[in-house]
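Read through the structure below, which is laid out as C-alpha cells, and then see the notes.
Numbered from 1 within each chain, the chains take letters A, B, ... in sequence-line order. Since the model is a prediction, treat every value here as computed from it, not as a measurement.
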2 protein chains.
Amino acid sequence: MSASPRETYERPHRPPRPEGAPAADRRSGIREAALRLFAAQGYRSTTMTDIGAAVGIRGPSLYKHVASKHELLAEIMIGTMEQLIADNTAAVAGTDDVREQLRRSVEAHIRYHARHRLEAFVGNREIGSLEEPDQDRVLARRSDYERRFRELIERGMAERAFGVQSARIASYSILDMGIGVASWFREGGEFTVDQLAYQYGDIALRIVGVRTPDVSGDDQ
Amino acid sequence: MSASPRETYERPHRPPRPEGAPAADRRSGIREAALRLFAAQGYRSTTMTDIGAAVGIRGPSLYKHVASKHELLAEIMIGTMEQLIADNTAAVAGTDDVREQLRRSVEAHIRYHARHRLEAFVGNREIGSLEEPDQDRVLARRSDYERRFRELIERGMAERAFGVQSARIASYSILDMGIGVASWFREGGEFTVDQLAYQYGDIALRIVGVRTPDVSGDDQ
DNA sequence: TCTGATGGCTAATGGTCAGTAGCCAAGATC
DNA sequence: GATCTTGGCTACTGACCATTAGCCATCAGA
C-alpha cells in the first residue's frame, strides 16, 4: 500500500451518491441495516464497519448521519415500545366489550411481533445494552404496556367475563406468547399475519376462560 | 505504584486457597459466577476479569481451570438443553393419558424455567454467541424439545382429547410462555414454583381446549 | 465561475479484551 | 528435606473497535 507520488489519487473515494440514493434515504437505510445486523449478530458484535458496509460506505462515514452506534439502538428500542403502545391504544378504542378489547389487543400485539420481527427481537434481547437514560425510558414504556393487559384482564374478572387464577400470570402468558412469535415467525410460511393474529386471539381468550367456538381436530 | 526494591514481595499474590475452597469447587464456582454475569450483562460484555473478580482471582488465573470463555458459555447452554430434555422424558414416563402427559410436561418446563432462571435466560439470549459446533448442538436439542410438545399435542388431537387450530402454534405458545417465566419470575415473590407450575399447567390445557375446572373471579 | 455545504475517504487515537508467557509460593509426595 | 504439582500472580501480545481529525470531490446556488 505505498502511496506512489505520481498517481496522486487513483480512486480517492466514491462519488457522493453513486446510485439514486436521495440523501434522505441514507439515514433510514442505515437504521434498517443496523436493525438487521443487530438482530442477526447482536448489538455488541455488530461493528460500525459492518453497518457501513451494508449501506455501501465506510464505518467512519456513518458519523455524517448518526451521532453514535448507541443512538441507533436507542431509536429502534424506543420506537418499538411507542408503536406497541400506540397500536394498543387504537385497538381498545373501538369497543367497550372486554372480550373484544382483549382480542383486539392481542391481535395488535401479535401483528406487531410478526410484522416487525426484527425490532421486537432486538427490543427484547438488547435491553441490557442500552445506556442509562434510554434503558429507563424503555423499561417504563414496557411496564406501561404490560399494565394495560393486566388491567384489562382484571376488568374482565370484575365483570365475570373472564376467569383466571391470576391476572398477572394470564397477562404474562399472553404477552410472552407474542414475544415468542418474533423469534420463529417468517413471512411466507405456513400462516399469514392475519391468520396468526386470529389464532392467538383465540388462544388468549381460552387462557382467560372464555369459551371459543370449539375446534375439532380436523376442521382446519 | 513504584516497586520499591527493598521490599521485594510485599504481597506477591494471594495464598492458593485463602478460605475453604476445596479446589473441586473452584471450577463450579467459576461456572456459577459466569452464569450470573452472562445473565446480568450478556456474554459479550462480560470479561474474564469480571468472572475472575467474582470468585476472588485475576482474569488470567481462570485459565488454570477453564479452557476459554466460550467453553463456559457452551457448557451452560448444552447443559440447559440436556436437562430440559431429561426432565421432559421423566415427565411423560409416568402415565399414558395425553392430558396428563401434557400437564406434566408443562409443569416440568415451568419448573425448570423458574428454578434455573439464569440458565434459561442465557440459553435463550445467547444462542447467537455460540460458535459453530456448539450452536448446532444446542439448536438440534432445542428442535428435539419443541418436537416433543408438538407431537404430544398432535396425539391429543388424534385422540380427540385436544382441539386446536394448529398444533405448531399451540406448542409454540406453551413453550414461549414458559420461556417468559425465566425473565420475570423471582423466588420469594407472589407465587411459589409449585403454584406457578400448576397454574401454567392449567393454562396449557386451556390452550389445547381441555375444560379445566372453572375458576370464578374470586375463588382464589 | 466561485463558494459553501455535504458526504465520502484514510489515518490515527485511545481503549478494551481474550488469551499467553513465565514467574513463584504453598502443599503434597516421596 | 528435595522435588513436583497446583494455582495463584504480573506483564505482555495481538486484535479489534468506536470515534475523531482532517482531507477532498461533487454539487447547488449565487
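- The side chain to side chain donor-acceptor pair (under 3.5 Å) search around B/Arg104 returns B/Glu100, not counting sequence neighbours.
- Contact annotation for B/Lys69: backbone-only contact, meaning every heavy-atom pair under 4.0 Å involves sugar-phosphate atoms and none involves a base.
- Taking every side-chain heavy atom of B/Pro60 into account, D/dT10 is the closest of D/dT10, D/dT19, C/dC17.
- Of the side-chain N and O atoms in A/His65, one or more sit less than 4.0 angstrom from OP1 or OP2 of C/dG8.
- Ion pairing between a basic and an acidic side chain is recognised when a charged N comes within 4.0 Å of a carboxylate O; A/Asp144 and A/Arg141 show no such pairing.
- Going from atom CD of B/Gln41 over to atom P of C/dT16 covers 15 Å, rounded to whole Å.
- Across B/Ser129 and B/Tyr43, no two heavy atoms sit closer than the pair CB-CD2, 3.7 Å.
- Base contact: A/Ser61 has a heavy atom under 4.0 Å from a base atom.
- The side chain of B/Tyr63 lies closest to C/dG19, out of C/dC17, D/dG8, C/dG19.
- Side-chain atoms of B/Met48 lie closest to C/dA18 of the nucleotides C/dT10, C/dT20, C/dA18.
- Proximity note for A/Ile57 (side chain, C-beta onward) versus C/dG19, D/dG8, C/dC9: the nearest is C/dC9.
- One finds no side-chain N or O of A/His70 lying less than 4.0 angstrom from the OP1 or OP2 phosphate oxygen of D/dT19.
- For the pair B/Arg27 CZ and D/dG7 P, the interatomic distance rounds to 12 Å; values are reported in whole Å.
- Residues passing the ring pair (Phe, Tyr, Trp, His ring centres under 6.0 Å) test with B/Tyr145 are B/His109, B/Phe149, sequence neighbours excluded.
- Within 4.0 Å of A/Ser45, counting heavy atoms only, lies no atom of the nucleic acid at all.
- Taking five base pairs at each end of the helix from C/dT1-D/dA30 to C/dC30-D/dG1, the local helix axes there meet at an angle of 10°, rounded to 10°.
- Classification of B/Glu71 and B/Arg27 as a salt-bridged pair holds, one side-chain N sitting under 4.0 Å from a carboxylate O.
- A donor and an acceptor atom, one from each side chain of B/Arg148 and B/Thr89, are located under 3.5 Å apart.
- If you measure from atom CG of A/Leu62 to atom P of D/dC17, you get 14 Å, rounded to the nearest angstrom.
- Atom CD in B/Glu71 sits roughly 10 Å away from atom P in C/dG19 (whole-Å rounding).
- Spacing between atom CZ of B/Arg26 and atom P of D/dT5 amounts to 22 Å, rounded to whole angstrom units.
- Here C/dC17 presents its P atom at 13 Å from OH of B/Tyr43, a figure rounded to the nearest Å.
- The residue among A/Thr47 and A/Lys64 whose nearest nucleotide of DNA chain D lies closer to the 5′ end is A/Thr47.
- Figure legend: B/Arg103 and B/Tyr198 shown as a cation-pi pair, the cationic atom lying under 6.0 angstrom from the six-membered ring centre and within 45 degrees of its axis.
- Between B/Arg58 and D/dA11, a side-chain N or O to OP1/OP2 separation shorter than 4.0 Å is absent.
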